[in-house]
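Below, all heavy atoms of this structure are taken into account, side chains as well, without hydrogens, waters or symmetry copies. Position 1 is the first residue of the sequence; numbering continues from there. Fair warning: this is a prediction, and the values are worked out from it, not measured in the lab.
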Amino acid sequence: MNPLSSNWQLADKTITSRLLIGTALYPSPQIMQEALAASESQIVTVSLRRQNPRENSGEDFWSLIKNSQYHLLPNTAGCHSVKEAITTAQMAREVFDTNWIKLEVIGDQYNLQPDPLGLIEASKELIAQGFEVFPYCTDDLVICEKLVAAGCRILMPWGAPIGTGKGLINPYALRTLRHRLPETTLIVDAGIGAPSHASFAMELGFDGVLLNTAVAEACEPVKMATAFSHAVQAGRLGFEAGLMQQRDMAQPSTPTLGTPFWHQT
């Protein structure tokens, strides 16, 4: 681990890496393992609907995950109703032995945009049942405020729709969230396509980045995972160091005051 990295608190766990990574879409289990290791991530997302350890089709995958050192963040990917999401979360808690849940309630199949009303309703119910809810949401300030009011300590606003790789399509909205919710853990989730996107999110002051497709579908997933690990670290260090203010006028890096000059005779 990079010696410049520092611990941070995510729910009830103290971790070092601010990169969270998914486990879907990799060419092979071996490449997935190598990419996860290269990312230096300590938290991986898993989908009960895509990989059910109780079915033979998911046995090999589950064996890899079960014997790993990672903290698991199950998700409710593919759920389109509150009832479906709650049921999936309950099953995930039993199977994966964690009260963490990345809550997804999809409202539109075209861009996989979360259903804001369903997300709030499901969050309230799951929090009442003792879950630590990580809601996947849009960058809408009002919706995010209502999720916090419902008891969510962590929010996962999108950078762009899932799998698009478009990066941060609305930096203004994300800056606003960071400014208005200073005590809430904010993790950019979805739409990250390049290491520069992840670094930008961290420079905005976000606490972490979650991604999957950009690594899993890269020509060389292990190298890309390494690139994202460095990008997240660099962006966070830049934020902590304090970025210079942008200016409309040029300003010389070497001031003229005190500069020696010579008279030609």
Hey, does the side chain of [X] reach the backbone of [Y] with a donor-acceptor pair shorter than 3.5 angstrom?
{"X": "Gln9", "Y": "Ala11", "answer": "yes"}
{"X": "Thr184", "Y": "Arg153", "answer": "no"}
{"X": "Thr164", "Y": "Ala160", "answer": "no"}
{"X": "Gln42", "Y": "Thr16", "answer": "yes"}
{"X": "Asn75", "Y": "Lys102", "answer": "no"}
{"X": "Arg18", "Y": "Asp207", "answer": "yes"}
{"X": "Arg178", "Y": "Gly205", "answer": "yes"}
{"X": "Thr14", "Y": "Leu10", "answer": "no"}
{"X": "Thr87", "Y": "Glu84", "answer": "no"}
{"X": "His230", "Y": "Ala227", "answer": "no"}

Going by side chain to side chain contact (heavy atoms under 4.5 Å, CB included), Cys137 matches just one of Asp189, Leu147, Leu177. Which one?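 Only match with Cys137 under side chain to side chain contact (heavy atoms under 4.5 Å, CB included): Leu147.
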Are the side chains of [X] and [Y] in touch, meaning some heavy atoms are under 4.5 Å apart?
{"X": "Ile86", "Y": "Gln129", "answer": "yes"}
{"X": "Leu155", "Y": "Ile187", "answer": "no"}
{"X": "Ile106", "Y": "Asp108", "answer": "no"}
{"X": "Ser28", "Y": "Ile31", "answer": "yes"}
{"X": "Val105", "Y": "Pro114", "answer": "no"}
{"X": "Asn212", "Y": "Ile21", "answer": "no"}
{"X": "Ile192", "Y": "Leu168", "answer": "yes"}
{"X": "Tyr136", "Y": "Thr76", "answer": "no"}

Atom pair [atom1] ([X]) and [atom2] ([Y]), whose distance is rounded to the nearest 0.5 Å:
{"X": "Met202", "Y": "Glu240", "atom1": "CE", "atom2": "CD", "value": "8.0 Å"}
{"X": "Ile127", "Y": "Glu125", "atom1": "CD1", "atom2": "CD", "value": "10.5 Å"}
{"X": "Cys152", "Y": "Leu126", "atom1": "SG", "atom2": "CG", "value": "9.0 Å"}
{"X": "His71", "Y": "Thr45", "atom1": "NE2", "atom2": "OG1", "value": "14.5 Å"}

Over 12 foreign heavy atoms within 6.0 Å of CG, Asp97: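 No, the 6.0 Å shell around CG holds no more than 12 heavy atoms from other groups.
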Lys13, NZ atom: more than 12 neighbouring heavy atoms under 6.0 Å: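 Yes, NZ of Lys13 has more than 12 neighbouring heavy atoms, counting only those of other groups under 6.0 Å.
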With a 4.5 Å cut-off on side-chain heavy-atom distances among I, L, V, M, F, W and Y, is there a chain of contacts connecting [X] to [Y]?
{"X": "Phe131", "Y": "Phe134", "result": "no"}
{"X": "Leu141", "Y": "Leu204", "result": "yes"}
{"X": "Leu181", "Y": "Ile154", "result": "no"}
{"X": "Val222", "Y": "Tyr26", "result": "no"}

Here's one to test your reading of the geometry: is the NZ or CZ of Lys166 within 45 degrees of the ring axis of Trp158 and under 6.0 Å from its centre?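 No, Lys166 does not sit over the ring of Trp158.
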As a quick check of understanding, evaluate side chain to side chain contact (heavy atoms under 4.5 Å, CB included) for Leu210 and Val188, giving each step before the final call. CA-CA 6 Å; Leu210 191 155; Val188 171; over 6 Å; no
